Amino acid sequence: RKEVEQDPGPFNVPEGATVAFNCTYSNSASQSFFWYRQDCRKEPKLLMSVYSSGNEDGRFTAQLNRASQYISLLIRDSKLSDSATYLCVVNERSQGNLIFGKGTKLSVKP
Amino acid sequence: DTGVSQNPRHKITKRGQNVTFRCDPISEHNRLYWYRQTLGQGPEFLTYFQNEAQLEKSRLLSDRFSAERPKGSFSTLEIQRTEQGDSAMYLCASSPYLNTEAFFGQGTRLTVV
């Protein structure tokens, strides 16, 4: 089983739509969780950290469900500029490496 | 620019040649990571350092790959006897502490011909 799994998409949505991505992780010892955004042929950039209580940053909302070992990202009122690949990232307390999912591709159309 | 810096940005090499990439992390970040990414895949972990100590290496990292961070500042990744399968984007990232987010450089795109 892959350590971090994401639906690869692509998700094709119209502007203004709400879209949700899910991510599951296999190691229950995982402690830190992040969503990164990656534009085509660019480096990944941090979108937001994911906290146990859930957190929101403008149009973006992240949720963590430790019991089910999944993380979600909700994007409201999608913009054309949201088109990118969204990477789910997990880190264990005892280890140093960040484990990335394969990413979910989002395409927002006019 | 105080972000993570990687050099070169692009490298084309013939199969069998050795290549070396450099990464300068954000100042005072003691953790430094190397990842490899191919088209359509997420970044795959290769190795990471805490200061000058290399704490973990992926099973993906064959004996042809070696990384150093001699003074706990910049790092180098060397690939010996390159193969076509080594063609990928090599990404470096740094973070200040364990369990915090990492910041990436723009990557070095390697093409082995």
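No experiment lies behind these values; they were computed from the predicted model shown. Letters A, B, ... mirror the listed sequences (proteins, then strands); counts begin at 1.
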Q. Out of Leu61(B), Leu46(B), Leu77(B), which one pairs with Arg36(B) under the side-chain contact (heavy atoms from CB on, under 4.5 Å) rule?
A. Leu46(B)

Q.
For the interface with chain A, which of Ser58(B), Ala93(B), Gly42(B) has the highest count of heavy-atom pairs at distances below 4.5 Å?
A. Gly42(B)

Q. Below 4.5 Å, heavy atoms only, C-beta onward: do Ile71(A) and Trp35(A) meet side chain to side chain?
A. yes

Q. Contact part of Tyr36(A) toward chain B, heavy-atom cut-off under 4.5 Å: side chain, backbone, both or neither?
A. side chain

Q: Can you run down the side-chain hydrogen bond (donor to acceptor under 3.5 Å, both in side chains) pairs that involve residues 65-75 of chain B, sequence neighbours left out, and say none if there aren't any?
A: Trp34(B)-Ser75(B)

**Q.** Candidate pair Thr47(B) and Gln54(B), rule side chain to side chain donor-acceptor pair (under 3.5 Å), full reasoning
**A.** CA-CA 7 Å; Thr47(B) 188; Gln54(B) 188 173 18; 2.7 Å; yes

Q) Where does Leu46(A) contact chain B at under 4.5 Å (heavy atoms): side chain, backbone, both or neither? A) side chain

Q) Given that the side chain runs from C-beta out, which part of Gln38(A) has a heavy atom under 4.5 Å from chain B: side chain, backbone, both or neither? A) side chain

**Q.** Which portion of Thr100(B) sits near chain A, non-hydrogen atoms under 4.5 angstrom
**A.** backbone

Q. For Lys109(A) and Ser107(A), does a side-chain donor sit closer than 3.5 Å to a side-chain acceptor?
A. yes

Q) For chain A, which of Gln50(B), Gln37(B), Met89(B) has the most heavy-atom pairs under 4.5 Å? A) Gln37(B)

Q) Could Glu83(B) and Arg64(B) be called an ion pair, given the rule that one side-chain N must be under 4.0 Å from one carboxylate O? A) yes

Q | Within residues 103-113 of chain B, residues adjacent to chain A where the heavy-atom gap is under 4.5 Å | A | Phe104(B), Gly105(B), Gln106(B), Arg109(B)

**Q.** Side-chain donor/acceptor of Gln6(A) to backbone N/O of Gly103(A), under 3.5 Å
**A.** yes

Q. Parallel, tilted or perpendicular for Phe60(A) and Tyr86(A), by the 30°/60° rule?
A. tilted

Q) Would you call Arg41(A) and Asp39(A) a salt bridge, taking side-chain N to carboxylate O under 4.0 Å as the test? A) no

Q | Under 4.5 Å from any heavy atom of chain A - which part of Leu91(B) | A | side chain

